[in-house]
Protein chains: 6
Amino acid sequence: MLMALSTWQEIEAYLSRSTGIIVPIGSFEQHGPNGLVGTDALCPEIIANAGAADRDDILIAPTFSVGCAQHHLAFPGTITLRPSTMIAAMTDWVASLRRHGFRRIYFLNGHGGNIATIQAAFSEIYADDSFSTDGPGNEAVKMTLRNWWDLSGIEKLCLEMYPKGHGSHATPSEVSVTYFAYPEAVKSASMEPEIAPSGPIRDAHDYRRRFPDGRIGSNPAQSSAQDGEKIVTAAAKALLDDYESFLSAT
Amino acid sequence: MLMALSTWQEIEAYLSRSTGIIVPIGSFEQHGPNGLVGTDALCPEIIANAGAADRDDILIAPTFSVGCAQHHLAFPGTITLRPSTMIAAMTDWVASLRRHGFRRIYFLNGHGGNIATIQAAFSEIYADDSFSTDGPGNEAVKMTLRNWWDLSGIEKLCLEMYPKGHGSHATPSEVSVTYFAYPEAVKSASMEPEIAPSGPIRDAHDYRRRFPDGRIGSNPAQSSAQDGEKIVTAAAKALLDDYESFLSAT
Amino acid sequence: MLMALSTWQEIEAYLSRSTGIIVPIGSFEQHGPNGLVGTDALCPEIIANAGAADRDDILIAPTFSVGCAQHHLAFPGTITLRPSTMIAAMTDWVASLRRHGFRRIYFLNGHGGNIATIQAAFSEIYADDSFSTDGPGNEAVKMTLRNWWDLSGIEKLCLEMYPKGHGSHATPSEVSVTYFAYPEAVKSASMEPEIAPSGPIRDAHDYRRRFPDGRIGSNPAQSSAQDGEKIVTAAAKALLDDYESFLSAT
Amino acid sequence: MLMALSTWQEIEAYLSRSTGIIVPIGSFEQHGPNGLVGTDALCPEIIANAGAADRDDILIAPTFSVGCAQHHLAFPGTITLRPSTMIAAMTDWVASLRRHGFRRIYFLNGHGGNIATIQAAFSEIYADDSFSTDGPGNEAVKMTLRNWWDLSGIEKLCLEMYPKGHGSHATPSEVSVTYFAYPEAVKSASMEPEIAPSGPIRDAHDYRRRFPDGRIGSNPAQSSAQDGEKIVTAAAKALLDDYESFLSAT
Amino acid sequence: MLMALSTWQEIEAYLSRSTGIIVPIGSFEQHGPNGLVGTDALCPEIIANAGAADRDDILIAPTFSVGCAQHHLAFPGTITLRPSTMIAAMTDWVASLRRHGFRRIYFLNGHGGNIATIQAAFSEIYADDSFSTDGPGNEAVKMTLRNWWDLSGIEKLCLEMYPKGHGSHATPSEVSVTYFAYPEAVKSASMEPEIAPSGPIRDAHDYRRRFPDGRIGSNPAQSSAQDGEKIVTAAAKALLDDYESFLSAT
Amino acid sequence: MLMALSTWQEIEAYLSRSTGIIVPIGSFEQHGPNGLVGTDALCPEIIANAGAADRDDILIAPTFSVGCAQHHLAFPGTITLRPSTMIAAMTDWVASLRRHGFRRIYFLNGHGGNIATIQAAFSEIYADDSFSTDGPGNEAVKMTLRNWWDLSGIEKLCLEMYPKGHGSHATPSEVSVTYFAYPEAVKSASMEPEIAPSGPIRDAHDYRRRFPDGRIGSNPAQSSAQDGEKIVTAAAKALLDDYESFLSAT
Ligand code: NI
Ligand code: NI
Ligand code: NI
Ligand code: NI
Ligand code: NI
Ligand code: NI
């Protein structure tokens, strides 16, 4: 069930069934010679929709689509929030959801560079409750973060598919996921070198010097829509299990 | 040309042809008994895509989908940023685009409640240049805001289609636009009263007391996908003209 | 009744009669060759004082005299707040007034460049109430914004007085208002061209290039203290009616 | 020379004569049974105007009229900025003045509760230059703070006039200054006790418990317009000397 | 070489030898029945001092001693910064160090709850360089984060010492490190249950319900000064190697 | 009793005896040719520990060791917070302490440049209570600031010890205090001129031009550990009296 395509009464009715919600969260940033700028926002959105768009007991929030990508700014198309801005925005999102009665908020993340700031935002949000002597009472909220590649079985599947050149940025697995969902956007590009270098991530100038075409450790020329379908199918299923566990955990 | 589905090299190439970009900007908020929570984000996105998705001389940014909707918070599904958060986020978006060489940024807006904050954000962004004695030089940026219903001919068209009960929130025109693009999400609901009341907008508690089902002055039971198609077709064409004028203005 | 010249006991007594207040709000910025830097702060202050300084059922707050004028910074004498600063300052002002029991706050504005930020500030302030499940209860506050030139009959009067060259910045009407109140500050200057150019407003460098002497579309050489008196008299009367409506509205 | 009543060309011409400016800075807050809410903003404005309104080599900025007065919030009429807001606002004021070429900014203060925050704002503003390896070069700015009662000879004069019950808040000297300038606003009130208690300043609730009518250590029943005239005359003269010293100091 | 005990000339001389610095960073928070509130600040400080206090080619900054510990606020003695505050403070620290010519800043961390916010702060700091078209040039700075327990060989050593009940908060290894350095502060307390429960970390109220005496998964009754000495000796040596690698890495 | 070396249960028990706490607060900044960078943080910490480390009815918080020192940034080793950052950090510290039941917070300060910002922070913190109609009730907190050199008798003692060249920055008294506590860090340096110049404090570039070796008005060549012992002994005793008065004051 997609929040975007629901009425408020439908969401009100949903809240009488469940107080959980899945929020896809990603980034807009370069993804190498054949990866889409939207990859990291599209992947969790695609997987969440595959898993739950037709489930009336699971609500999918709009995608928080621009995240923390300062290190990619030397490549056109990258849009970033500063971490402090992202914390402010996530605070407002969670305050809005909480206002309606949502109590379990599951962020399905598509971007490694978001992880630290999402966790910092959780602390910022929890801190308001924690500073209070009385506490949140029955307005207490539980938040969790799951990277889609950390869903059960997914990393193993991806490494089996791409034993060489999976890498860590502009990976063939994430590119394949987007090719499956947007076949009209499949690109072809030669990779030079075949497998991109690896190294630390600092500011954008340093990044472009180290990683001239944007990739880190990957060879996304291996990407295909068929591969993407396999990953999406597996990830969508794993997501349902993981979300269910989150809902039922104490 | 959609930024989300482009590679960074494609955007780099685009920048040698044009330094303009269209940013759909909207809101997630209740839209009455039969309107979608995503209406205000979806409408400018639908219109921009209809006008320019297949034009390689126009780039469409990701949709800035959650805006200023504090007054709708008493209805489930509404997500809002505080104005100060939205200003910070827009500042980061524009700084990112400017970093790549974009110099003309056209915000196509879908939400009346965003107008003030978007304009305040423009001032916040321009202020950095204005405080500087030297000025931005060739990094100067031009921003403009256009509500899709203010595109040439659109308001007239909508009032012809809905001479009674167009109203100002949850209007049949915006609902029709979303029905055209998402026929699977067409809803039916009875409107009681047929035409909703009007009045001032203050905080969310006051809002829900005044406008119990969320609508202001409208009867969106008149909405239809066919109407939506007419509006989208006209608005997409008007957008191209307006954007062209913006690009060529001094 | 002027807050500045009242004791706290007089204001305490006032609050037993009324919970309304008028806050003149303006800007310090260039106003062309013969307009005063203080024009936009002085005009609403002059009009409010003319209407209500001797009314013990209306309280006039101090003038919020420096607003959003980044676009005028290339002209000496302009002082601006960033929009985010102005939102913070207005938030503190309203929190202070609310603390004392004021519940209807009427901002009489003298500067077009303030409008967006004032409305954004309203949303920022209302948002705190809106995020709360319980709501503000009997601490709910109503705020409104009125530009003095939008008071009933005023625009018509000004255009009758100045059918040519009224323009939109450094207008003969606003300059006349200040000449009426500060006859010692009447200036004479030749206008070249007689009627200033018009165009969009962006950063301060762009502004000064477009509008070399600061005016937009106006010929304030037509200004006079006598004209100012007529405008002030009419505006003061219209203000009382409009404020009365605001107080009595639900 | 008053900035409010000058044109931008007059200020541009002034800047060729001097890069100094006097900024009256005060507060809106209760001042006991017979003191005006505007006292602390009015006093520095009155003294600055008395000293320099007719001097074309001294420019007087608009009064920064609302400062830090959280401790007075339990008395109606008090308006306060949070210190962090005041720092932001002062930063914007100084950035605006500096933009035009002002290099020596003299704050004439009327409120003890502002002192700490004004000095903190100076540090905040200087810090931007200090973090820079290159430094401000010829854009370096010098700021100073002077409380009007610390001008040479003024404290001595006030204590001679009021050997008993001068106190530290709602003093007869500050009340007299306002009575001189605004004779229409002279109030009479009995003081009970004659001399108010003294003690530490904390939050507003604590303050009102300690100082039930708002005064600290003072008996402002001694105030008179005649006394005010003496103080203003002496302070205006002392201001000119002190400002001259500031301008000529290295 | 300790910054606290050096003169500025000594640091100036140091900078001609090295542009690197070690910053111990920790937290003040409960550490169970026998752990010290200062544990997480003390551990990295103890290890850094053991490794480098007598090395004139390594400079140790003051300890950033209060970090992100909102989840421990239900236990007395915990002091926390909000993540947004910590980002602001780290930004100022790094700007200060960079001002002097430090270019490699090594944060030796003692608190798991700091990791996300430290990384977010790195992104916030790098973002300023990344938004700039020109980049930082020779003012570019490299920052890294190392938890002391992740130094080479340390986790293995700790798990060998405490095969049962090492846990993740109030661990016997960190408690031992403080006992070694502060033998006067050795505490004894019975642990009930012997090994503390494990679970997720959310707000402080939730935390205290889950972990009634503050520990997570640990039995710190096993702690001893002798164990602490072994850990400190090993960690100090590993720190030197790791820091050396950081300095020499490209 | 040192918070750093206590368990949470010990602090819980302490809170049943006292709700007061001493917070040493200082700065990291150059202190001339023979003074330590940590002087201003070390002095209040040394004095507090000398007075109260062995008193179980007095709790000493961790030292807030980096404060406002922008003016010293042209000398290596200086670390500063911006005033706005320091206000945010102090707000979080006080909120944390208040959460546990601390109600009287005594800041023992070692740095003149901190005074304004500490007082501004107090106002920022009190403001939250003051804006509230209901007030803090029994969660009201009392904060005070004491510079160690203003403790009873200390200034007199220091001026007797150093009748010439005590000065105001890098004074022989503060240097002696650190030499007493850290004899291993005693430095010798020639002072040229013997007594440093005096003057106003502005930005860091201006500061270094005025005060080339960092000192203001002082000759710290007179410093000695023996002198330091006398000062510490006297200050520790005076601290106990002053803190006791603070605890017992209404
Ligand atoms: Ni990715
Ligand atoms: Ni809408
Ligand atoms: Ni105007
Ligand atoms: Ni006063
Ligand atoms: Ni720990
Ligand atoms: Ni010092």
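Computed from a predicted model, the values in this text were never measured in an experiment. Note: hydrogens, waters and symmetry copies are ignored here, and every other heavy atom, side chains too, is used.
For D:M86, no part lies under 4.5 angstrom from a heavy atom of chain F. Using a 4.5 Å cut-off between heavy atoms, F:D206 contacts chain D through its side chain alone, with no backbone atom that close. Proximity to chain F (any heavy atom under 4.5 Å) is shown, for D:A74, by neither the backbone nor the side chain. Using a 4.5 Å cut-off between heavy atoms, D:F131 touches chain F through backbone and side chain atoms alike.
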Intermediate values then yes/no, side-chain contact (heavy atoms from CB on, under 4.5 Å), D:R82 and F:D128 | CA-CA 9 Å; D:R82 294 171 200 270; F:D128 271 341; 3.0 Å; yes
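Note that CD of D:Q70 is 8.5 Å distant from CG of F:D129, once rounded to the nearest 0.5 Å. Here OG1 of D:T144 is found 6.5 Å from CZ of F:R202. Values are rounded to the nearest 0.5 Å. To the nearest 0.5 Å, the span separating CD1 on F:I115 from CD1 on D:I115 amounts to 12.5 Å. Taking OG of D:S130 as the start and CZ of F:R208 as the end, the distance is 13.0 Å to the nearest 0.5 Å. If you take SG on D:C68 and CD on F:Q119, they are separated by 11.5 Å, rounding to the nearest 0.5 Å.
Interface summary for chain D: among F:K142, F:H205, F:H72, the most heavy-atom pairs under 4.5 angstrom belong to F:H205. Contact tally against chain D (heavy-atom pairs below 4.5 Å) for F:D134, F:I125, F:I118, F:T85: the top residue is F:D134. Heavy-atom pairs under 4.5 Å with chain D peak, among F:S123, F:S132, F:P136, F:A140, at F:S123. Ranked by non-hydrogen atom pairs under 4.5 Å with chain F, the options D:G113, D:A88, D:A121, D:A116 are led by D:A116.
Looking at F:T250 and D:R210, their side chains come closer than 4.5 Å, going by heavy atoms from C-beta outward. You'll find the side chain of D:Y126 stays beyond 4.5 Å of the side chain of F:I201, heavy atoms only.
Between D:P83 and F:A120 the shortest heavy-atom distance is CG-O, 3.3 Å.
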